[in-house]
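What follows is a single structure, written as structure tokens, with notes after it.
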Number of protein chains: 2
Amino acid sequence: MSDLLERLRDRGWRLTAQRRVVAEVLNGEHVHLTADEVHARAGRLLPEISRATVYNTLGELVALGEVIEVTTDGRAKRYDPNARKAHHHLVCTRCLTIRDVPAGAGDGTLPEDDRFGFAISGVEITYRGLCPDCQSGA
Amino acid sequence: MSDLLERLRDRGWRLTAQRRVVAEVLNGEHVHLTADEVHARAGRLLPEISRATVYNTLGELVALGEVIEVTTDGRAKRYDPNARKAHHHLVCTRCLTIRDVPAGAGDGTLPEDDRFGFAISGVEITYRGLCPDCQSGA
DNA sequence: TTTACTGCAAACCGTTTGCAGTTCC
DNA sequence: GGAACTGCAAACGGTTTGCAGTAAA
């Protein structure tokens, strides 16, 4: 995570308290927060951080490829800091929880005949189903 | 397509001019219109159709499983009438065109070990890349 | 000191909603 | 005739933007 801050500084970023806090909040595995959740958690560490700054920072992190934007439903985008290893998502159809699943070997290979001339640069796979808690009626 | 209208009537739908027109607009392969586009096209056939009715109708068609809601970007949802055969999507990263690709045999099989206890009910695969036109700079 | 960044507030876009009026069956 | 549907307009949630002020380098 401090890696992230270093990388950002190397790219000419000013390391402001706000950016530090956003980076902090996005630290971890299986983190898929909405911008609003990031704002709420960042606000616990730095009370006066504004929504606009959170949106700016998230947008910049996405542009730099440090964070992945995930839209598994029509609602708010979620921000996934696990950009360094290829993975897909498992989404609970009931509680909307998201889990990362490692990318498999055969993923993202579309037969030549089905490519319609597209030059494919990436694949996203979203598995949908009930998570263990929702299966047991929790 | 008239099949669709029959199916809807069988389910107790009132066949209003508005619904007929929305069904008409959604007819075809590789159709991935936004609600607004549906509204615009429907408006050419039935000038006074309202946005609310288009949204209502689209929502109902989705609930009935006749149309699939596709969110390939964070912007507007797109409505895909090709709900009868399983397929995935090829999305141009530049012009955002969408093409359907047939679902392959091995799609949607996630190794038991990677399921985290989820009961998987469906998979969506989105391939991203440049479409032929955008590759040639068109 | 300079210029990137922040916070505010207003605007924005896609979508949903409440309700009065209309129309299908 | 009655319930289902439509259209309007207002409200909504998530996101973006313009701009004056602040702070990192």
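Hydrogens, waters and symmetry mates play no part in the numbers below; they use all other heavy atoms, side chains included. Chain identifiers are assigned alphabetically (A, B, ...) following the order of the sequence lines, protein sequences preceding nucleic acid strands; residue numbering begins at 1 within each chain.
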Exercise for the section: For B:Asp36 and B:Arg51, run salt bridge (charged side-chain N to carboxylate O under 4.0 Å, His left out): C-alpha distance rounded to whole Å, both residues' side-chain angles, the deciding distance at 0.1 Å, then the answer. Expected result: CA-CA 8 Å; B:Asp36 225 53; B:Arg51 229 170 289 264; 2.7 Å; yes
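- Taken residue by residue, residues 58-71 of chain B places no heavy atom nearer than 4.0 Å to DNA chain D.
- Partners of A:Thr72 under the side chain to side chain donor-acceptor pair (under 3.5 Å) rule, at least two apart in sequence or in another chain, do not exist in this structure.
- Taking for each of A:Ala35 and B:Arg51 the nucleotide of DNA chain D with the nearest heavy atom, the 5'-most of the two is the partner of B:Arg51.
- Each of A:Glu24, A:Arg20, A:Gln18 was scored for a side chain to side chain contact (heavy atoms under 4.5 Å, CB included) with A:Leu46, with one residue passing: A:Gln18.
- The rotation axes computed at either terminus of the helix from C:dT1-D:dA25 to C:dC25-D:dG1 lie 30° apart, taking five pairs at each end and rounding to 10 degrees.
- Side-chain contact annotation: A:Asp80 with A:His30, donor-acceptor N/O pair under 3.5 Å absent.
- The distance between atom CZ of A:Arg78 and atom C1' of D:dT15, rounded to the nearest whole Å, is 15 Å.
- Membership of an apolar cluster is not assigned to B:Leu130, as no side-chain contact below 4.5 Å to another ILVMFWY residue is traced.
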Practice task
With salt bridge (charged side-chain N to carboxylate O under 4.0 Å, His left out) as the test, would you mind laying out the steps for A:Glu60 and A:Arg19 before giving the verdict?
Solution key: CA-CA 10 Å; A:Glu60 290 157 348; A:Arg19 285 170 169 181; 3.2 Å; yes
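- Rounded to a whole Å, the CG atom of B:Asp73 is 17 Å from the P atom of D:dG14.
- Side-chain atoms of B:Asp100 and B:His88 form no donor-acceptor pair, as typed in the model, at a separation below 3.5 Å.
- The two residues B:Gly28 and B:Pro81 have their closest heavy-atom pair at O-CG, 3.9 Å.
- Between the CD atom of B:Glu48 and the C1' atom of D:dC5 there is a distance of 16 Å, rounded to whole Å.
- When side chains are defined from C-beta on, A:Cys131 does not count as touching B:Phe116, because their heavy atoms never get closer than 4.5 Å.
- Listed in residue order, the members of residues 37-46 of chain A having a heavy atom less than 4.0 Å from DNA chain C come to none.
- Distance alone, capped at 3.5 Å, is enough to place a donor-acceptor pair between the B:Thr57 side chain and the B:Thr53 backbone.
- For CZ of B:Arg41, the number of neighbouring non-hydrogen atoms (other residues, nucleotides, ligands) closer than 6.0 Å is 12 at most.
- If you take NZ of B:Lys77 and C1' of D:dG13, they are 12 Å apart, rounded to a whole angstrom.
- Taking atom CG of residue B:Leu8 and atom P of nucleotide D:dC5, one finds them 11 Å apart after rounding to whole Å.
- When the side-chain nitrogen and oxygen atoms of B:Tyr55 are compared with OP1 and OP2 of C:dT15, one or more of them lie within a distance under 4.0 Å.
- Atom pair A:Arg75:CZ and C:dT16:C1' shows a separation of 9 Å (rounding to whole Å applied).
- One can place CG of B:Asp36 at 14 Å from C1' of C:dT16, the figure rounded to the nearest angstrom.
- Nearer the 5' end of DNA chain C, as judged by each residue's closest nucleotide, is the contact made by A:Ile49, out of B:Asn56 and A:Ile49.
- A straight line from CZ of A:Arg11 to P of C:dA4 spans 18 Å, rounded to a whole angstrom.
- An OP1 or OP2 oxygen of C:dG7 is reached within less than 4.0 angstrom by a side-chain nitrogen or oxygen of A:Thr53.
- Contact annotation: the side chain of B:Arg14 never approaches that of B:Arg9 to less than 4.5 Å [non-hydrogen atoms, C-beta and beyond].
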Handout entry: Where protein sits on nucleotides 18-25 of chain D, one letter per nucleotide: B base, S sugar-phosphate only, - none, heavy atoms under 4.0 Å
Key = -----BBS
